[in-house]
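Working notes for the structure below.
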Amino acid sequence: MTNHLFDALFAARLADDRPFLHLPGGNTLSYRQFLDRSAQLARVLVDAGVAPGDRVAVQVAKSPEALALYVATVRAGAVFLPLNTAYMPAEVGYFVGDAKPKLVVCDSAAAADLEPIAADAGARLMTLDANSSGTLSQAADGKSSEFDAVARNGDDLGAILYTSGTTGRSKGAMLSHDNLLSNALTLVESWRFSEDDVLLHALPIFHTHGLFVATNVIAATSGSMIFLPGFKADAVIEALPRATTMMGVPTFYTRLLADPRFTRELVAHIRLFVSGSAPLLADTHVEFEARTGHRILERYGMTETNMNTSNPYDGERRAGTVGFALPGVSVRVTDPDSGNELPAGEIGVLEIKGPNVFKGYWQMPEKTAAEFREDGYFISGDLGLIDAEGYISIVGRGKDLIISGGYNIYPKEVELAIDEVAGVVESAVIGVPHPDFGEGVVAVVVRDGDVDEDTIMQQLAGAMARFKQPKKIIFVDELPRNTMGKVQKNILRETYQEQLTQAA
Ligand code: MLC
Ligand code: AMP
């Protein structure tokens, strides 16, 4: 019996006493200890009725136990469905209602709110807190630390990650065992990971970057991770001397550069800094090299595709580009209307094909079909070009999407919520430059009456995660529209481009 992903990443490490996770406070979890725990958790899942293919929805703080739950879910043949800890119960309610998981795992502080949501979906609810206590952990204690991984082949699903729709409902991207494994193995080769690597892990583990790119790459090589609960400059600077590599969103690097303790000496022994999930400004790339002597390796990925392109490990890492298509991955640029491939240097939509590309959106065959070409290429919605040397640059987005500190925000979702506030006529939500998060959310609102910023913000507070809420609201008499009546967001972005940089 084989379990495609678990066998390749972990089966050989069941009795391995080398470190897997270095934890704050000096504790270390070996592969053996981590996998023993994941076996116990896998047993709990099975006892809770989780069968192969069932979804396990998880909204919990980052912890070793939470990571072990990911591995336990894969081991039990089920489908891991991680959720951003910033989501409010109403947002979680949609994901749970759509994915119909067998089990929902949440922080005990959220249990009262999520219990009825889980019950409505026919799911059981268990808790897991940041300190690894809760009913899930209690149930795991004392269980056998042996568990035969449930058979799963490469095409079976290992995870569903929700990614918001540009026009409406969020879509669950279905990722197979082989989508995840093939990409991890490609990255190991491309970025030269080995068992000697110690990765500084400060990313959240509910997204592709921290969950799959970081964790699967390290597990595939028997390396280890300094596993921090999140990005805090003090902790990262303290840990860097013990790391060999770091992965981050651009905000990590701009925050480090803003800190005088971040010096060439501090990172002299690091072999690789990787950036992705949002554009790294060429200026940041240049400043980083001047300060540290390191050229950040920028790569490009998506929830639907894992990683697509990367700057070279050897060879020139070119600022402002995302490098070349990864081995086994094909990238082309097409005309958005005709779908015809464009020659080098011309801007169009980036399309992706390869073993990394997902199996489609959960229970949305039409949306899935609309985003694939007949020859199997996935239409990313990112606008870019491939230059004569093969370097790929992303120059914009065809999709109406804001990426703030590596989190995606779909303006439509925020606009719909603002438009519900009494006294609001209509709104347009845009992303403008933000000194810390790269882009920040600004809402431009037409009102009818005396509704003010506080009232709007209060109404949004209970409805959506904090990171989606506008950093600023601007009231105008009317929104600029083209002859077709469509709001001209490019004009708004230009007009208000300094709104968040001025405030800082
Ligand atoms: C926090 N806030 C944000 C925010 N993060 N607002 C906008 N965008 C964000 N990303 C809000 C908080 O709610 C808070 O609100 C205020 O901003 C300040 O919070 P903070 O304490 O400074 O934030 P912090 O906890 O330090 O978090 C910032 C961060 C975090 C950058 C460390 O956002 C982060 O870890 N981002 C990484 C996201 C990621 O992993 N993306 C990968 C997606 S996978 P207030 O007002 O209440 O104080 C993908 C595919 C690929 O894209 O290619 O990898
Ligand atoms: P997500 O849906 O969270 O997976 O976000 C994927 C999107 O992040 C992509 O479609 C891109 O728009 C963006 N992205 C990821 N990496 C980069 C990068 N290196 N440069 C620019 N944009 C990026």
Side-chain angles (χ1 to χ4, degrees), residues 59 61 83-95 106-107 109-110 112-114 116-117 164-170 204 230-232 251 254-255 278 400-481 486-504:
Q59 189 194 33
L83 294 167
N84 193 323
T85 45
Y87 289 149
M88 306 301 285
E91 292 165 302
V92 175
Y94 167 75
F95 300 120
C106 69
D107 194 283
D113 283 333
L114 296 189
I117 288 170
S164 305
T166 40
T167 48
R169 305 186 313 138
S170 285
F231 184 94
K232 292 286 166 256
T251 299
T254 50
R255 285 187 180 184
D400 193 14
L401 161 71
I402 299 168
I403 303 183
S404 179
Y407 288 152
N408 290 4
I409 297 142
Y410 282 85
K412 190 84 201 160
E413 184 187 347
V414 187
E415 287 161 4
L416 288 172
I418 294 176
D419 292 351
E420 275 181 23
V421 179
V424 169
V425 178
E426 60 173 351
S427 62
V429 166
I430 52 171
V432 301
H434 186 286
D436 187 25
F437 296 129
E439 272 184 297
V441 176
V442 166
V444 186
V445 174
V446 180
R447 62 183 158 186
D448 171 17
D450 57 3
V451 60
D452 60 8
E453 175 156 354
D454 281 353
T455 313
I456 296 176
M457 291 306 292
Q458 272 164 23
Q459 195 151 327
L460 294 186
M464 63 175 58
R466 185 84 189 94
F467 70 87
K468 298 179 188 172
Q469 296 169 24
K471 304 281 181 214
K472 185 157 197 175
I473 294 178
I474 295 163
F475 292 100
V476 295
D477 291 337
E478 59 180 356
L479 297 174
R481 291 181 187 278
K486 195 168 179 279
V487 175
Q488 291 169 300
K489 289 200 169 177
N490 52 336
I491 294 183
L492 291 175
R493 278 190 288 266
E494 213 170 290
T495 311
Y496 299 113
Q497 60 179 319
E498 285 174 10
Q499 284 297 318
L500 298 181
T501 40
Q502 279 169 351

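All values below were derived from every heavy atom in this structure, side-chain atoms included, with hydrogens, water molecules and symmetry-related copies excluded.
- Listed by chain and residue number, Val446, Leu479, Arg481 satisfy the side-chain contact (heavy atoms from CB on, under 4.5 Å) test with Glu426 (two or more places apart in sequence, or in another chain).
- At distances below 3.5 Å, not a single donor-acceptor pair connects side-chain atoms of Ser404 with backbone N or O atoms of Gly440.
- Partner of Ile402 under the side-chain contact (heavy atoms from CB on, under 4.5 Å) criterion, chosen from Asn408, Ile430, Val442, Val429: Val429.
- Nearest approach of Ala86 to Ala465, heavy atoms of both residues: O-CB, 3.2 Å.
- Here the closest heavy-atom approach between residue Tyr496 and residue Val432 is recorded as O-CG1, 3.7 Å.
- Looking at Asn84 and Pro204, their side chains never come closer than 4.5 Å, going by heavy atoms from C-beta outward.
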Candidate pair Arg255 and Asp436, rule side-chain contact (heavy atoms from CB on, under 4.5 Å), full reasoning: CA-CA 7 Å; Arg255 285 187 180 184; Asp436 187 25; 2.7 Å; yes

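- Gln59 places no side-chain N or O within donor-acceptor distance of the main-chain N or O of Val92, the cut-off being under 3.5 Å.
- Gln499 CD to Arg493 CZ: the interatomic distance, rounded to the nearest 0.5 Å, is 15.0 Å.
- Minimum interatomic distance between Gly93 and Ile117 (heavy atoms only, all atoms of both residues): CA-CG2, 3.6 Å.
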Evaluation steps, side-chain contact (heavy atoms from CB on, under 4.5 Å), between Leu500 and Lys472: CA-CA 8 Å; Leu500 298 181; Lys472 185 157 197 175; 4.0 Å; yes

Just distance, no hydrogens or angles: give the donor-acceptor pairs under 3.5 Å from side chains in residues 416-423, sequence neighbours left out.
| residue | atom | partner | partner atom | Å |
| --- | --- | --- | --- | --- |
| Asp419 | OD1 | Ser427 | N | 3.2 |
| Asp419 | OD1 | Ser427 | OG | 2.7 |

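- Interatomic distance, Ile403 CD1 to Glu439 CD, rounded to the nearest 0.5 Å: 7.0 Å.
- Taking OG1 of Thr251 as the start and OH of Tyr407 as the end, the distance is 10.5 Å to the nearest 0.5 Å.
- Side-chain atoms of Glu91 do not come within 3.5 Å of backbone N or O of Met464 as any donor-acceptor pair.
- When side chains are defined from C-beta on, Leu83 does not count as touching Cys106, because their heavy atoms never get closer than 4.5 Å.
- The two residues Pro480 and Ile491 have their closest heavy-atom pair at CG-CG2, 4.2 Å.
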Donor-acceptor pairs are to be reported for all side-chain atoms of residues 448-456 against protein atoms at under 3.5 Å, with residues two or more places apart or in another chain.
| residue | atom | partner | partner atom | Å |
| --- | --- | --- | --- | --- |
| Asp452 | OD1 | Thr455 | N | 3.0 |
| Asp452 | OD1 | Thr455 | OG1 | 2.4 |

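- Atom CG in Asp477 sits 9.5 Å away from atom CZ in Arg447 (nearest 0.5 Å).
- You'll find the ring centres of Phe467 and Phe437 outside the 6.0 Å limit.
- Considering every non-hydrogen atom in both Ala463 and Ala90, the closest pair reads O-CB, 4.4 Å.
- Minimum heavy-atom separation, Leu460 to Gln469: O-NE2, 3.7 Å.
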